[in-house]
Amino acid sequence: MIVIAGKATSEDQIQDIVSVIEKEGLQAHVSRGEDRTIIGLIGKVEPKMQEHLRQMKGVENVVKISKSYKLASRDFHPEDTVISIKGVDIGGKELVVMGGPCAVESAAQIDEIAGLVKAAGGQVLRGGAFKPRTGPYSFQGTGVEGLIMMAEAGQKHNLLTITEVMTPEYVDICAEYADILQVGTRNMQNFDLLRKLGECGKPVLLKRGFSATYDELLNAAEYILAGGNPNVMLCERGIRTFEQYTRNTLDLSAIPVLQSLSHLPVISDPSHGTGRRELVEPMTKASVAAGANGLIIEMHTDPDNSMTGDGVQSLFPDQFANLLQDLEKLAPIVGKTFNTAKQPAAFFPARVGV
C-alpha cells in the first residue's frame, strides 16, 4: 500500500504519517518526487489503518498496490532511481558502458584491457573472477586473485569494476574488491544469495534468468531491495527460445516494459544476448534506441583464444572503440549523453590472428 502526499505537504506532516505507520509495526519507505511524496507501507495493513491514514493532514490518497513486488514497483517509486558510484551515475541521462573480458585471466591481460576500455570511453571494467560454467571441467576463474587483479586495474585506469558473485559466502570478499556485484542468469532465483546482497550495501546488477518472466525478475529484485539495498540494476541478457542460430534471443521489449513497471535502471547485455560477435554492434545500438540506461559488452584482445571459450561473442578492441564512437552520436537522439576519448584507430592493437 502507498500513501500519496501532495507537494504542499510539510516535512513535519510526512514524519507524522511515518510515525503512525511505524507504531503499527509496519515499515515505511519514503520516496520524494518533484510533485508529490510517496510513502510505501510494507506489511499487513488493516482497513481501520487505511482509513486513518486517508484522513491525516497532507494525504491526498491511499492506494493498494496489487503487484507482488512493492519496492521495485514504479507505483511505489515514481521517479527513476539513479545510482551514483564514484562520480558515475547509472540510471540518469548519462549512458553507461561496461566493457571487458568474460573472465580475468592474468594481471597483464586485465590491465591491458582496462586501458583499452578507458581509452574507448567506457566507465566500468567488467570481468569474472568466479565463473559458473555448464561443464565441470571448463575454466572456473581465477578466484580471489582475479578480484585483486581487476581491482588494481580499475584503480590504475580510473574505472569502476563489476564482477559476478555466485554464492552468499563470496559476497563479502567480492564486495571488498568490486564496485558492482553481478548476479548471473542461473542465480536470479538463488534467494539466499539475493538476501545476502540486500545486506551488503554494494550496487547489484541482477541478470534476468534465461526463462524468467518480467514479474519473476522484479520479484527477485524485491529480495535485494527488501534487505535494505536500494541500488539494484536490472539486466536483459537474452532468453532461451526455439531459435538456435543465436545463443539466446535478446528481448529488446524488456527494456521499455521494465522501465514502465519499475524505477530501477535497465542494462542490456548484447554479448550474451546473441552469442555472436557480428550481432553485438547492431543489438547494442538497438538497445540504446529502446531506452537502455547502459550496456555490458564483452571485449578481449585475443577473443578466439580466451580461456572461457566465449570469444565468439567478444569484440576486438577496435570494434569496441568504433562502437562506442557510434554510441556518442546515437545517445543524444534518445535523450542521453555519452562522451568517448576519440582515440585514433592506431591506438588500438591489431586483431590477433586476423
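Being a predicted model, the structure only gives us computed values, none of them experimental.
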**OP:** Mind running side-chain contact (heavy atoms from CB on, under 4.5 Å) on Ser287 and Ile255 for me, showing each step along the way?
**Re:** CA-CA 8 Å; Ser287 297; Ile255 298 170; 4.1 Å; yes
**OP:** Go through the structure and list residues passing side-chain contact (heavy atoms from CB on, under 4.5 Å) with Glu278, not counting sequence neighbours.
**Re:** Tyr245, Arg276
Original post:
Between Ser253 and Asp251, does any side-chain donor sit less than 3.5 Å from a side-chain acceptor?
Top reply: yes
Original post:
Any idea how Phe191 and Tyr223 line up, ring-wise: parallel (<30°), tilted (30 to 60°), or perpendicular (>60°)?
Top reply: parallel
**OP:** Give, for atom CG of Asn248 and atom OG1 of Thr241, the distance between the pair rounded to the nearest 0.5 Å.
**Re:** 8.0 Å
Original post:
Does Glu216 use its side chain to pair, donor to acceptor, with the backbone of Thr213 at less than 3.5 Å?
Top reply: yes
Original post:
Do Arg74 side-chain atoms and Ser262 backbone N/O form a donor-acceptor pair below 3.5 Å?
Top reply: yes
Original post:
Hey, what do you get for NZ (Lys207) to CG (Leu217), rounding to the nearest 0.5 Å?
Top reply: 12.5 Å
Original post:
Do Arg54 and Asn61 have side-chain atoms, one donor and one acceptor, less than 3.5 Å apart?
Top reply: yes
**OP:** Say whether Gln27 and Glu22, considering side chains only, have a donor N or O and an acceptor N or O under 3.5 Å apart.
**Re:** no
Original post:
Is it true that atom CZ of Phe338 has more than 12 heavy atoms of other residues, nucleotides or ligands lying nearer than 6.0 Å?
Top reply: yes
**OP:** Verify the distance criterion only: is there a donor paired with an acceptor across the side chains of Glu152 and His157 at less than 3.5 Å?
**Re:** no
Subject >> Neighbour count above 12 (heavy atom, 6.0 Å) for Glu145 CD >> reply: no
Original post:
In terms of side-chain heavy atoms, does Glu51 have a donor or acceptor partner in Gln55 at a distance below 3.5 Å?
Top reply: yes
Original post:
Given the rule in the salt bridge (Lys or Arg N to Asp or Glu O under 4.0 Å) test, do Lys57 and Asp16 qualify, once you have shown the distances and angles that lead to the verdict?
Top reply: CA-CA 9 Å; Lys57 291 182 179 179; Asp16 287 342; over 6 Å; no
**OP:** For Asn339, check side-chain contact (heavy atoms from CB on, under 4.5 Å) against everything at least two apart and list the hits.
**Re:** Glu328
Original post:
Just one of Leu218, Leu261, Asp215 clears the side chain to side chain contact (heavy atoms under 4.5 Å, CB included) bar with Lys67, so which one?
Top reply: Leu261
Original post:
How far does OG of Ser314 sit from CD1 of Ile113, to the nearest 0.5 angstrom?
Top reply: 8.5 Å
Subject >> Short side-chain to backbone donor-acceptor contact, Lys202 and Ala178, under 3.5 Å >> reply: yes
**OP:** Cation-pi check, Arg240 to Phe210: give yes when NZ or CZ is under 6.0 Å from the six-membered ring centre and within 45° of the ring axis, no otherwise.
**Re:** yes
Original post:
In the hydrophobic clustering that connects Ile, Leu, Val, Met, Phe, Trp and Tyr at side-chain heavy-atom distances below 4.5 Å, which members other than Val124 occupy its cluster, ordered by chain and number?
Top reply: Ile83, Ile85, Val88, Ile90, Val96, Met98, Leu160, Ile162, Ile180, Leu205, Met233, Ile267, Ile296
Subject >> Qualifying residue, where the test is side chain to side chain contact (heavy atoms under 4.5 Å, CB included) with Leu264 and the options are Val232, Leu71, Ile224 >> reply: Val232
Subject >> Ser271 and Glu298 side chains, donor-acceptor separation under 3.5 Å >> reply: no
Subject >> Under 3.5 Å: donor-acceptor pair, side chain of Gln259, backbone of Gly291 >> reply: yes
Original post:
Does Glu176 reach the main-chain N or O of Val171 with its side chain, forming a donor-acceptor pair under 3.5 Å?
Top reply: no
Subject >> Main-chain N/O of Ala212 paired with Arg208 side-chain donor or acceptor, under 3.5 Å >> reply: yes
**OP:** Report yes or no: does Asn187 contribute a side-chain atom to a donor-acceptor pair with the main-chain N or O of Met166 at less than 3.5 Å?
**Re:** yes
Original post:
Checking Asn322 side chain against Asp318 main chain: does a donor-acceptor pair fall under 3.5 Å?
Top reply: yes
